[in-house]
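A short worksheet on the structure shown next.
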Amino acid sequence: MKKPSSPSRSGDISLKEGIEALVKAYRLQGKLNEVTVVSSWERVMGKAVALKTKEVYVNQGRLFVRLTSAPLKHELLMAKTRVAELINAEVGETVIKEVIFL
């Protein structure tokens with residue numbers, strides 16, 4: 001016995017395509033990338049650094065990180081470029097142009 005085929009509509013799109021179109025229409029990709037940067041800080045830098053991090057936020061392509069440990073701050077200052085590369089690799093595009101440790 002043959003299954004009846006359901007009629008397909010020519011304008012159907014997947015949920016993923018619909019969400020991507022919505023993000024593009026409302027120009028939200030930049031903000032979504034910034035949120036991804038902040039939420040992935042612990043995963044990228046590790047638990048030890050995350051425990052000494054008080055605040056992480058993004059403003060105009062710059063990542064601001066407030067740390068509670070002066071030695072850690074000094075060590076990360078030496079690796080600012082590497083930190084930016086790791087974060088951008090996690091997001092998949094260049095979101096962070098500069099890292100500032102407070």
Side-chain angles (χ1 to χ4, degrees):
M1 181 173 225
K2 195 174 182 183
K3 274 185 154 179
S5 63
S6 62
S8 65
R9 292 181 240 157
S10 61
D12 285 353
I13 61 171
S14 70
L15 181 60
K16 179 182 177 185
E17 292 168 341
I19 291 173
E20 287 172 349
L22 191 68
V23 166
K24 185 177 179 182
Y26 286 101
R27 294 179 294 199
L28 297 173
Q29 191 61 50
K31 271 293 183 202
L32 285 174
N33 288 341
E34 289 178 7
V35 169
T36 304
V37 165
V38 172
S39 66
S40 64
W41 175 255
E42 181 178 349
R43 186 172 51 254
V44 172
M45 298 307 294
K47 193 143 187 96
V49 173
L51 288 172
K52 304 252 187 241
T53 303
K54 191 173 184 180
E55 184 180 15
V56 179
Y57 62 95
V58 179
N59 188 2
Q60 298 177 348
R62 295 181 296 187
L63 176 65
F64 292 88
V65 181
R66 187 174 308 277
L67 298 167
T68 59
S69 168
L72 177 62
K73 178 181 174 182
H74 181 72
E75 190 174 326
L76 289 176
L77 274 170
M78 298 301 160
K80 280 169 71 165
T81 314
R82 182 71 181 132
V83 170
E85 288 172 359
L86 289 170
I87 294 288
N88 287 329
E90 178 72 20
V91 176
E93 60 183 272
T94 303
V95 178
I96 302 302
K97 296 170 185 71
E98 181 182 7
V99 181
I100 299 169
F101 295 102
L102 306 171

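- What you find for Leu67 and Lys73 is that their closest heavy atoms are CD1-CA, 3.6 Å.
- Hydrophobic clustering (ILVMFWY, side-chain heavy atoms < 4.5 Å, transitive): Tyr57 and Val44 are in distinct clusters.
- Note: the hydrophobic cluster containing Leu77 also contains Val83 (ILVMFWY, side chain heavy atoms under 4.5 Å, direct or indirect links).
- Taking CD1 of Ile87 as the start and CG of Asn33 as the end, the distance is 12.0 Å to the nearest 0.5 Å.
- Between Val95 and Asn88, the closest heavy-atom pair is N-OD1, 2.9 Å.
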Where do Val49 and Leu76 land on the side chain to side chain contact (heavy atoms under 4.5 Å, CB included) test, with the steps shown first? CA-CA 10 Å; Val49 173; Leu76 289 176; 4.2 Å; yes
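- Between the CZ atom of Phe64 and the CD atom of Glu55 there is a distance of 10.5 Å, given to the nearest 0.5 Å.
- Distance check: Lys31 NZ to Thr36 OG1 gives 12.0 Å after rounding to the nearest 0.5 Å.
- Cluster annotation: Leu32 and Leu22 are assigned to the same hydrophobic cluster (Ile/Leu/Val/Met/Phe/Trp/Tyr, side-chain heavy-atom contacts under 4.5 Å, transitive).
- Note: the hydrophobic cluster containing Ile96 does not contain Leu102 (ILVMFWY, side chain heavy atoms under 4.5 Å, direct or indirect links).
- Residues Thr53 and Val65 are in side-chain contact: their nearest non-hydrogen atoms beyond the backbone lie under 4.5 Å apart.
- The structure places CD of Glu20 at 7.5 Å from OG of Ser14, a figure rounded to the nearest 0.5 Å.
- By the 4.5 Å heavy-atom criterion applied to side chains, Glu42 and Lys47 are counted as neighbours.
- Note: Met45 CE to Leu72 CG = 7.5 Å, rounded to the nearest 0.5 Å.
- Side-chain contact between Glu34 and Val38 is absent, with no heavy-atom pair separated by less than 4.5 Å.
- Tyr26 is connected to Ile19 through a chain of hydrophobic side-chain contacts under 4.5 Å among Ile, Leu, Val, Met, Phe, Trp and Tyr, so both are in one cluster.
- When the shell of 6.0 Å around CD of Glu75 is examined, it contains 12 or fewer heavy atoms from other residues, nucleotides or ligands.
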